[in-house]
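This report refers to the structure that appears directly beneath it.
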Number of protein chains: 2
Amino acid sequence: MDQKVYEMHAEICKIFTSPKRLEIIDNLREGERSVSQLSESLKTSQSNVSQHLAILREKGVIAPRKEGSTTYYRIANPKILDACRLMREVLFERLEKDRKIAESAAKR
Amino acid sequence: MDQKVYEMHAEICKIFTSPKRLEIIDNLREGERSVSQLSESLKTSQSNVSQHLAILREKGVIAPRKEGSTTYYRIANPKILDACRLMREVLFERLEKDRKIAESAAKR
DNA sequence: TTTATATATTAGAATATTATAATATCCTTA
DNA sequence: TAAGGATATTATAATATTCTAATATATAAA
């Protein structure tokens with residue numbers, strides 16, 4: 001496999017390495033949201049939310065719709081939601097496993 | 001959703017943000033490999049490969065098997081492979097889309 | 001027990017990412 | 001067209017990541 005593919009693959013996976021971007025994605029699961037709605041919901045500055053939205057937009061995860069001076073964003077690629085959910089499952093399985101290990105250690 | 005969950009989720013997704021880790025995962029798809037085999041295959045220093053293996057090991061992606069002085073690693077969590085493949089698909093769809101856009105632009 | 005081989009760990013330099021602050025742009029309405 | 005609200009962009013400080021070089025550890029062979 002070409003080196004370049006690994007680089008691009010790694011690049012696209014950076015979508016998920018910011019808690020705020022994950023939270024934005026989660027918010028947009030339920031439907032369109034404006035920048036200020038997201039800013040409020042995440043309790044994060046408008047500037048920072050816009051930066052994260054720009055990253056998600058450039059990577060093709062979300063798409064904007066302008067209505068007057070308001071920009072609404074929506075999920076543009078549902079496949080990404082599947083990947084996101086799968087990794088969430090991996091996390092939860094891992095947490096469950098750790099919990100069981102701790103439980104059996106406590107018994108002894 | 002709890003803030004902490006987003007942080008852990010982002011943390012686990014960092015598995016995929018290094019081209020070398022992706023290449024290691026791809027190599028291990030075919031079966032067990034030793035550190036030196038991987039080092040040679042990736043054309044990367046033993047030290048650096050060991051560092052990446054440590055990260056993958058800590059995140060539960062791979063598991064070691066020692067045989068004498070050699071350590072063989074294998075995939076420990078197949079679900080992670082699914083997530084990895086899904087993101088690769090997302091990448092390829094994106095490349096295909098960009099290609100089509102370039103093509104139709106060239107026609108004009 | 002010395003030497004060689006395989007892997008792991010650590011320190012540090014180079015680079016990348018994230019958040020904040022300041023500012024710019026764009027749209028609406030008075 | 002001036003003012004205000006919504007969003008985007010830019011510079012920068014703080015932090016995190018990655019690689020290299022050096023060293024440590026552990027096993028095997030001589």
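Each chain gets a letter, A, B and so on, in the order its sequence line appears, and its residues count up from 1. Side-chain atoms are counted along with the backbone in the values below, which use heavy atoms only and exclude waters and symmetry mates. Given the structure is predicted, the values throughout are model-derived calculations rather than measurements.
- Toward the 5' end of DNA chain C, the nearer of the two residues B:Val35 and A:Pro19, judged by each one's closest nucleotide, is B:Val35.
- A donor and an acceptor atom, one from each side chain of B:Gln46 and B:Ser50, are located under 3.5 Å apart.
- Nucleotide C:dT17 holds its P atom 8 Å from the NZ atom of A:Lys59, rounded to whole Å.
- Atom CG of B:Asn48 is separated from atom P of D:dA22 by 16 Å (rounded to the nearest Å).
- On a pure distance criterion of 3.5 Å, no polar donor-acceptor pair joins the side chain of B:Gln51 and the base of C:dT7.
- In this structure, the side chain of A:Ser34 does not engage the main chain of A:Thr71 through any donor-acceptor pair within 3.5 Å.
- In this structure, B:Leu53 and A:Lys14 both approach DNA chain C, and ranking their closest nucleotides by distance from the 5' end singles out B:Leu53.
- In this model, a side-chain donor or acceptor of B:Gln46 finds a partner on the base of C:dA8 within 3.5 Å.
- Distances shorter than 4.0 Å separate some side-chain N or O of B:Ser50 from OP1 or OP2 on C:dA8.
- One interatomic measurement links the two molecules: CG of B:Leu22 to P of D:dT18, which rounds to 11 Å at whole-angstrom precision.
- The CD1 atom of A:Ile55 sits 14 Å away from the P atom of C:dA16 (whole-angstrom rounding).
- Atom CD of B:Glu67 and atom P of C:dT5 are 19 Å apart (whole Å).
- B:Lys66 comes within contact range of no nucleotide atom at all, as no heavy-atom separation falls under 4.0 Å.
- With C:dT18, D:dT27, C:dA8 as the candidates, the nucleotide lying closest to the side chain of A:Thr17 is C:dT18.
- Atom CG of B:Leu38 is separated from atom C1' of C:dA6 by 13 Å (rounded to the nearest Å).
- Between the CD atom of B:Glu7 and the P atom of D:dA16 there is a distance of 11 Å, given to the nearest Å.
- In terms of polar N and O atoms assigned as donor or acceptor, the side chain of B:Ser47 comes within less than 3.5 Å of the base of C:dT9 in a complementary pairing.
- Not one N or O on the side chain of B:Arg65 forms a donor-acceptor pair closer than 3.5 Å with the backbone of B:Tyr72.
- Rounded to whole Å, atom C1' of D:dA8 lies 15 Å from atom CG of A:Leu56.
- At distances below 3.5 Å, not a single donor-acceptor pair connects side-chain atoms of B:Arg57 with backbone N or O atoms of B:Pro64.
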Test side chain to side chain contact (heavy atoms under 4.5 Å, CB included) applied to B:Glu11 and A:Leu91, step by step: CA-CA 9 Å; B:Glu11 197 53 41; A:Leu91 168 63; over 6 Å; no
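- The side chain of A:Tyr73 places no N or O atom within less than 4.0 Å of a non-bridging phosphate oxygen (OP1 or OP2) of D:dA6.
- Note on B:Ser36: only backbone sugar-phosphate atoms sit closer than 4.0 angstrom, heavy atoms only; bases stay farther off.
- For B:His52 and D:dT17, the shortest distance from a side-chain N or O to OP1 or OP2 is not below 4.0 Å.
- Residue-level contact check: A:Thr71 touches the backbone only, with heavy atoms under 4.0 Å from sugar-phosphate atoms and none from bases.
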